[in-house]
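Just below is one structure, and these are the notes that go with it.
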Amino acid sequence: MRPVFRFAPSPNGYLHLGHALSALLNAAAARAAGGRLLLRIEDIDTSRCRPAFEAAILEDLAWLGLAWEEPVRRQSAHFDDYRAALGRLEAMGLAYPAVESRGEIRSFVAAREADGTAWPRDPDGVPLYPGAGACVDANEGARRMAVGAPYVIRLDMRAALERVGRPLDWPEEGQGRVAADPAAWGDVVLARKDIPTSYHLSVVVDDALQGVTHVVRGQDLYAATAVHRLLQELLGIPVPSYRHHRLVLDDAGRKLSKSTGAVSLRALRQRGATPADIRRMVGLA
Ligand code: GLU
């Protein structure tokens, strides 16, 4: 069977040099392994993703010299697949609704920290969910659900780990097997009231449905792999091998991101950069 690689950008902005590095590393790895390269558009956040950004992604990747298999999988066209996986987790008793907003969780945690309690944070620095009933009591939670207020579906991490009953690991290129620590993420969000999935859920479902054997992506997703590994175990789906690559940093040493205004590939192209220049700029010359 030929190895299967994928590049999976989100169309909520233009591609920057960090995306170029990831796409080029995937293409090179697929070529070296005699494998296939898939492109997946991760557009579950329908409020932030735009068709114009998706069109720009295809254009920028083609300009860079990349070729991928058709059809391109667009996540927003496959909500039924994620709903089915979510339904399985719910049927196992591992998922529950939670009505607290991000703001409510933040203020709850800030108040505890002001009292001198160190509150645990996930590997991305976000405070862990304090548990059902902590910031919004059960009656208010039930009232909100009854009136159709927004909610999220969370994974019951303790119950999920209990069900698995053994430590998990994943194969990371150059590191052998890496111990997974999903508990560090707490009760992660699996879906929202109006979106039947989350990044974590759709990425593992799609990697399995598309037969992805090799995940090559940025180091910023290394710790999240623990959650992916747990979901794979719960859903009984195959575990790809992983390679988390270095990030492209800006002059201030921060990872490039749309939110900090990283220069887009198209802006570089408009200023006269060639695909060879882009390779050099990401250290692949
Ligand atoms: N869609 C994610 C991003 O743009 C990448 C997901 C992945 O490669 O697993 O950061």
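Note that ligands are numbered from 1 as they come in the structure, with each ligand's atoms numbered from 1 the same way.
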- Side chains of Gln210 and Arg40: do they bring a donor and an acceptor to under 3.5 Å? yes
- Query: Does an N or O from Arg217, backbone or side chain, lie closer than 3.5 Å to an N or O of ligand 1?
  - Reply: yes
- Task: Identify, for atom 8 (O) of ligand 1, the protein heavy atom at the shortest distance, and state residue, atom and that distance.
- Result: Arg6 NH1, 2.8 Å
- Message: Give the atom numbers and elements of ligand 1 that come within less than 4.0 Å of a heavy atom of Glu42.
- Response: 1 (N), 2 (C), 5 (C), 6 (C)
- Message: Distance under 4.0 Å to a non-hydrogen atom of Val203: what atoms of ligand 1 satisfy this?
- Response: 9 (O)
- Message: Need the ligand 1 atom indices (1-based, order shown) with element for anything under 4.0 Å from a heavy-atom of Ser10.
- Response: 1 (N), 4 (O)
- Message: I'd like to know if Asp169 pairs up with Arg229 as an ion pair, taking the criterion as any Lys NZ or Arg NE/NH1/NH2 lying under 4.0 Å from an Asp or Glu carboxylate oxygen.
- Response: no
- Say whether Asp45 and Tyr199, considering side chains only, have a donor N or O and an acceptor N or O under 3.5 Å apart. no
- Item | Shortest heavy-atom approach to atom 5 (C) of ligand 1 - which of Ser22, Gly18, Ala224, Ala8 | Ala8
- Salt bridge present between Glu100 and Arg154 (N-O < 4.0 angstrom): no
- Answer with side chain, backbone, both or neither: which part of Leu221 has a heavy atom less than 4.0 angstrom from an atom of ligand 1? side chain
- Query: Looking at ligand 1, does Tyr199 have a heavy atom less than 4.0 Å from it?
  - Reply: yes
- Could you point out which residue of Asp207, Asn26, Thr213 forms a side-chain hydrogen bond (donor to acceptor under 3.5 Å, both in side chains) with Arg6? Asp207
- Query: So, do Phe5 and Trp68 have ring centers that fall under 6.0 Å from each other?
  - Reply: no
